[in-house]
Amino acid sequence: MAGRDGRISRRLDRGGAGRYPPRRVSPPGVRSDPWHDARVSQTESAPRTAIGVCNLCEAICGLQLTIEGDRVTGVRGNPDDPLSRGHICPKGVSIGDLHDDPDRLRRPVRRDRETGEWTEIGWDEALDLVADGIAGAVNRHGKDAVGVYLGNPNVHSLGFATHGVPLVKSLRTRNRFSATSVDQLPHQFVASLLFGHQLMIPISDLDRTSYFLVFGANPMASNGSLMTVPDFPNRLRELKARGGRMVVVDPRRTETARVADEHVFVRPGTDAVVLLAMLHELFEVEGAIRPAAYVDGVDRVREAVRDFTPEHAESVSGVTAATIRRLTRELAAADGAAVYGRIGLSTQGFGSVCQWAVVCLNALTGNLDREGGVLFTEPAIDFVTTGLIGRGHFDLYRSRVRDAPEYGGELPVSVFAEEMETPGEGQVRAVLTIAGNPVLSTPDGKRLGAALEGLDFMAAVDIYLNETTRYADVILPPTTILERDHYDIAFQGLAVRNTARFTPAVFDKPRGARHDWQIFRDLTLRITDRLDRKPSRRIRIRQRLRLLPTPTFAIGALLRRGGKTTITDLRKHPEGVDLGPLRPTLPDRLRTPDRRVDLAQELILGDLDRVRSELTEPAEGLLLIGRRHQRDCNSWMHNVERLTRGRARHQLLMHPSDGAERAIADGDMVRVASQIGSVEVEVALTEDLMRGVVSLPHGYGHQVPGTRMAGAAAVPGVSINDLTDPALLDLSGNAALNGVPVTVSQL
Ligand code: SF4
């Protein structure tokens, strides 16, 4: 089988992983390429339109596609979609480019460790190799010898929800890691403490609020995160038209800050003292404390924040005491207000304290579970009430090397490298990554790459050869969004409006391709079959039965159970059905044992001492923060010409005064150094940054030779995670990626 469809000879590069050059794409209509042969019959057909969906980010926009043969020749937002209302961003416009991406793997590939050559192989051979590698590690060293890393795209995949989760669970390893712990873990941690379920995340009622206070979020670029809000720009216009106000607190004048009524600079990593000072101040405002009857712990919160004064916050954060007092009074006086804090709050040393304080501000002002405030969704497939996703748990076990607590069955990804490097029982010796690139997206990526290179075995389920999968022995590439049915379980449950939408595949599955759920199913069964200590027969039968239904069949059953709509209805309305605005649901929807919300959580209150001891004075020197751009999709899509053209955006942003102090001019090359490493990059001076802050974009630094991701079509730039420090963690285990102390010097 090897070599039949294009043996690819490559030499070993310095990192020990092989090269894989761009695949030739046959011209439209002349698909002699066997990867496309299933579509050949359609290449001469007339253009057709199809309803599609974009799953590239949390906004889950509905699309109208023009299809000619096996190509997407037109993309626009679907105006009939009740959630996205016709919105689309440049990434969505490029969805056809992804479908046709020459860098995309279409067949399994195997790497020869001696020569570095990648060779295409058949599915059976590839699945057997992966099953042998994973089961072999378990048989020789125990179940914890297998490490799993799950990237962000998994949460956008129906097949992962139905078949990937059982695969991961079947491995029974404690060494599970994911992008959660470099992203939203504090949200989930706080939600499970306060509301009894990790995904009971309050959603800002953007369509009705009159005061929107935003910390560390950039919805103009993201269209919301843990608040699915496609068409944010228009919704913001509507907010302003009805007399509402948006205030943004951020170390950078982001795209969102630029269109806000007010932007307040805050020193990175110090939002906690600002939020705690707002709570402190709230107790000083007459009539401001009006929590719902099911909210407990108010007096203990009052005591806990007594010493967090606005003056103290000013000295640490740079936000003036007068501003903190004014914002607090505006919040208290608003008729329907929502405080929203996202990744900038979560990815710092006090992410959980910050997210807890955000909930407290909403709850104490009576804006929790109130129209115009923050509310919980009631999706057609309800992962909270059905138990589809667990409630979340904390510290049931700890990591072997650093003694870091788990959350929800996962360890912080910041401990991943040390668990591979450190010998002893439980050392990770084989790794499976699914749709992830942690070498670019998690702290000290270089060290992680070196640890992956030293493994006995590694496999990846991924459509790309990237900075992480380059270390794999086998890569299994699934189909992508246009080739498979889609129902968004996660983000329809986190949206600003209750809607449901099922999107059938736009293209048939190409001959010889596999959906992700088929890969997960086959791996689960093959790995289990190879284990020396197999689960009982009863468990194996249950496992097979669970893996039998297709994701679409499972969705049909879950919709029937939910009782709000059916898959038949949704097939008749591929644009989606509107289930109405968010509405108050508490206390019934609470999953706490007593159906009450106790704000005085011991774990959080205990962490306030750490805030007291660590946030005492402004940091000296420069602090590094990340940033995202509307045309970036984390660490991928940097090879899409449509998205990479235009003004460069890879530079280190720096305030002109900070540049002048160091004799650095706009466009200079500089060395940025942290305790972890250093990078060399071009500087762009801008007053959009607070003084004392520098910023690099997230997900850059491509380096796999031979791919367009690292080639001429790619954005230049360096990886911010060659500077971030895996030692810096929040209470929840989330990495503190923002506020990293760095030096910057001219080259
Ligand atoms: S905002 Fe853009 S990337 Fe996100 S779902 Fe919509 S079109 Fe796709």
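Everything numeric in this text was worked out from a predicted model, so none of it was measured. Ligands are counted one by one from 1 in listed order, and the atoms in each one are counted from 1 as well.
Note on ring orientation: taking the six-membered ring where Trp is involved, the planes of His638 and Tyr700 are tilted (angle from 30° to 60°).
Using a 4.0 Å cut-off between a side-chain N of Lys or Arg and a carboxylate O of Asp or Glu, Arg649 and Asp632 qualify as a salt bridge. A salt bridge links Arg342 with Asp183: the closest approach of a Lys/Arg side-chain nitrogen to an acidic carboxylate oxygen falls below 4.0 angstrom. Using a cutoff of 4.0 Å between basic side-chain nitrogens and carboxylate oxygens, Glu378 and Lys564 are not scored as salt-bridged. We find that Arg501 and Asp81 are joined by a salt bridge, their nearest charged nitrogen and carboxylate oxygen being less than 4.0 Å apart.
Listed by chain and number, Cys54, Leu56, Cys57, Ala59, Ile60, Cys61, Ile88, Cys89, Lys91, Gly92, Asn223 each place a non-hydrogen atom less than 4.0 angstrom from ligand 1.
Ring centroids of Phe491 and His156 are separated by less than 6.0 Å, placing the two rings close together.
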